Amino acid sequence: MRSRLLTKAPLPVLLIVTAILYIWNLSINGYANTFYAAAAQAGGTSWKAWFFGSLDAQNFITVDKPPASLWVTGLSVRIFGMNSWAVLMPQALMGVAAVALLYALIRRSVSDPRRGVAAGLIAGAVLAFTPAAALMFRFNNPDALLVLLMVAAAYCLVRAVPTASWKWLALVGVALGFAFLTKMLQGLLVLPAFALVYLLLADTGWLKRIGHLLIAAVSLIVGAGWWVLVVALWPAGSRPYIGGSTDNTVMDLVLGYNGLGRILGNSGGGGGGGMGGNGAAGSSFGGATGLNRLFGSEMGYEISWLLPVALFVIVFGLYLVVRQFIRVREAERLGRVEKAGLLMWAGWLIVTGLIFSFMSGTIHPYYTVALAPAIAALVGLGSVFAWNLRHRWDGRIAMSAMIALAVGWSIVLLDRADFGPVWTRWLIGAAAVLAILVILVGGRLGFRKAVAAAVIVGALAGFGSTAAFGIATSATAHSGSIPTAVQTSDSSGGMGGAPGGGMGGMRPGGTAGTQGAQAGGSAPTGAGGGQSPTASGQTAARTGGMGGQSTSSELTALLTATTTRWAAATNGSQSASGIEIASGTSVMAIGGWSGDPTPTLAEFIQYVQDGKIGYYIGSGQGGGPGGSSSSATEIASWVAANYTATTVGGQTVYKLT
């Protein structure tokens with residue numbers, strides 16, 4: 001009974017702390033990304049918009065991603081109404097669920113129950129406090145659901161390997177299929193590692209392993225393809241345009257804008273304009289391509305704190321596997337599931353990390369949240385594997401190396417970011433040196449309690465900076481299309497956020513509004529009728545946002561009184577989304593998010609002649625190249641030539657009916 005209590009009691013504490021981190025003062029983010037918030041609002045009103053992931057309830061155009069994450073937020077809005085909590089709470093709960101699942105699967109990945117609990121707690125805590133996770137589990141981009149589904153797939157794989165269960169393996173395919181429906185090809189980056197793990201380590205013969213993998217492949221295709229097939233069979237005239245595509249098809253979105261276009265730039269084809277085939281977009285958003293990309297600039301602050309430790313654990317794990325070919329004690333040998341865990345997480349980290357490092361298309365720093373579970377898992381596993389060998393020189397060296405790497409790189413990041421008081425860097429450095437000396441010398445002399453205390457001190461020193469940065473990130477208001485962790489002294493390219501209020505020497509940033517603008521589009525600061533975050537992390541009453549400006553009450557009242565199918569049309573999804581949230585009406589987003597070829601001038605004229613659009617609002621901008629498409633320019637010229645401009649709440653408005 002006591003053993004069972006010790007193995008289960010820590011989990012509720014971990015989850016409560018995680019929930020506080022992700023949920024506390026969640027509403028400071030307002031509607032966060034109004035692009036996805038408007039789509040959730042539309043899905044909460046129209047089941048058709050919910051199914052397709054439409055930006056507006058009248059189904060003119062979809063967002064530029066598949067709709068799985070919007071299915072969750074759309075249902076939340078339908079149940080609880082359109083408000084900040086309804087939009088953001090699902091992401092926070094996904095974060096808590098991801099931490100719980102990671103704990104559960106890491107616990108299963110260690111043969112000794114108590115060490116499994118320790119490894120799970122370490123991994124869960126690292127995931128919870130990783131700045132990229134603290135950022136995205138409080139934000140309404142699709143990445144929260146993406147991470148949860150990938151961790152769920154990993155859990156199913158850990159269940160499948162020791163029992164050679166084709167049923168659990170099929171669930172891996174289903175989970176990754178829905179990850180594809182969340183963020184397309186990014187959800188499949190873990191697939192090579194997962195397949196290799198089962199092929200090499202499942203507890204059955206080779207033919208059955210291959211057969212089970214084929215079953216999983218079918219499950220993946222069904223899980224990912226059913227929605228794609230429905231959209232392909234649905235008459236194009238009675239569904240929204242597929243945002244981000246050049247030909248109104250999901251497959252163009254898969255292979256172009258959200259697929260090869262992301263990796264190769266424009267050379268990948270596709271949709272909505274991949275942003276620079278020479279790596280220009282990747283450089284402007286995520287730093288120059290190369291092995292150091294994950295350690296530099298904003299990516300480094302969001303994900304790299306414990307990345308050196310995770311990379312070391314991969315090498316250490318390889319050493320442990322090779323070491324088993326010589327005579328070692330049974331208690332020191334890695335079992336099948338432990339080898340599977342090491343291979344799975346190493347493959348996850350290496351494949352995804354290399355793609356993020358070298359992709360030359362559009363990449364944003366927050367994408368790195370997909371690496372957080374792998375880093376957390378490797379840190380947890382490596383910690384208990386090294387502790388298990390603490391009586392040996394190699395175990396003590398491994399523990400010392402992990403502490404040195406964690407603290408050393410943390411000091412570099414803290415100094416580069418000018419984050420926190422300078423004395424804290426000296427403090428954790430001194431603590432790490434002392435801990436390493438005690439581990440190496442005290443362990444050799446047999447001072448067990450001293451070594452245990454030194455390990456705890458070293459672990460706290462190595463993890464403390466990550467946790468502090470994660471807490472500061474969650475305490476910072478974020479909005480716009482490209483959220484970043486906190487303001488830093490070397491933020492480049494506008495990626496550091498607006499200056500924010502201080503926190504005891506820490507300098508958390510404000511909203512991502514300036515980032516969105518520098519990325520080629522606007523970042524509305526409003527949150528229809530609610531409270532939206534300002535750059536100082538405080539809130540101010542606003543009624544939605546458009547083009548970086550708040551939507552006036554006069555314009556909101558004008559649109560609310562319309563009876564047309566679309567209350568208004570404006571250039572770009574980002575502008576349209578702010579107006580939709582403020583007014584609760586449907587707004588036609590000309591050009592979508594990324595300059596999509598819809599509507600043409602002829603189509604727009606027909607909409608106007610049919611009395612389907614009430615007003616045209618000038619000065620709109622898209623989230624990407626959006627409103628600058630050729631058809632948007634033609635439409636703006638045609639409207640100006642045929643209708644009289646008026647000013648409503650500071651906006652140029654044309655009455656079309």
Side-chain angles (χ1 to χ4, degrees), residues 17-18 20-22 24-25 28 122 125-138 287 294-309 365-366 368-369 372 375-376 379 402-436 456-478 483-492 495-512 515 533 535-538:
V17 170
T18 303
I20 293 173
L21 179 67
Y22 293 164
W24 186 268
N25 205 19
I28 64 170
I122 293 170
V126 171
L127 173 59
F129 285 91
T130 296
L135 174 67
M136 297 315 297
F137 286 128
R138 292 171 57 89
L294 295 177
F295 296 91
S297 190
E298 176 63 25
M299 282 193 177
Y301 299 132
E302 292 191 19
I303 199 62
S304 76
W305 297 85
L306 295 176
L307 180 55
V309 179
Y366 66 80
T368 57
V369 69
I375 293 173
V379 171
M402 293 173 69
I403 292 172
L405 288 169
V407 173
W409 183 242
S410 292
I411 292 174
V412 172
L413 289 176
L414 291 173
D415 185 67
R416 195 171 81 192
D418 191 19
F419 184 86
V422 175
W423 61 263
T424 59
R425 300 163 215 170
W426 290 98
L427 177 63
I428 64 172
V433 171
L434 179 61
I436 290 171
I456 294 174
V457 171
L460 291 175
F463 178 64
S465 300
T466 309
F469 213 86
I471 292 171
T473 296
S474 81
T476 301
H478 296 94
T484 56
V486 297
Q487 172 72 10
T488 61
S489 62
D490 72 334
S491 297
S492 58
M495 297 305 298
M503 289 180 58
M506 305 174 186
R507 301 197 303 168
T511 69
Q515 302 154 16
S536 65
Q538 298 174 340

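Keep in mind that this is a model prediction, so the values were computed, not measured. Side chains included, hydrogens not; waters and symmetry mates left out as well; all remaining heavy atoms used.
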Would you please name every residue forming a side chain to side chain contact (heavy atoms under 4.5 Å, CB included) with [X], sequence neighbours left out?
X	value
V422	R425, W426
L307	L294, F295, S304, L311, L349, I375
A404	I436

Revision key, fill the gap. CD1 of I471 to OG1 of T466, rounded to nearest 0.5 Å, is 10.5 Å

Review point. How many angstroms lie between atom CG of L460 and atom OG of S465, to the nearest 0.5 angstrom?
Key: 11.5 Å

Pairwise side-chain contact, [X] with [Y], heavy-atom cut-off 4.5 Å (strictly under):
X	Y	result
T424	I428	no
V369	I303	no
V457	L434	no
F129	F463	yes
F469	T473	yes
W305	V126	no

Just by modelled atom types, is the [Y] backbone N or O under 3.5 Å from a matching donor or acceptor in the [X] side chain?
X	Y	result
R138	W24	yes
Y22	A128	yes
E302	T484	no

For [X] versus [Y], what's the shortest heavy-atom pair and its separation?
X	Y	result
T368	A132	OG1-CB, 4.0 Å
R416	G300	NH2-CA, 4.1 Å
E298	P365	CG-CB, 3.5 Å
I28	S474	CD1-O, 4.2 Å
I403	G458	CD1-CA, 3.7 Å
L127	A372	CD1-CB, 3.7 Å

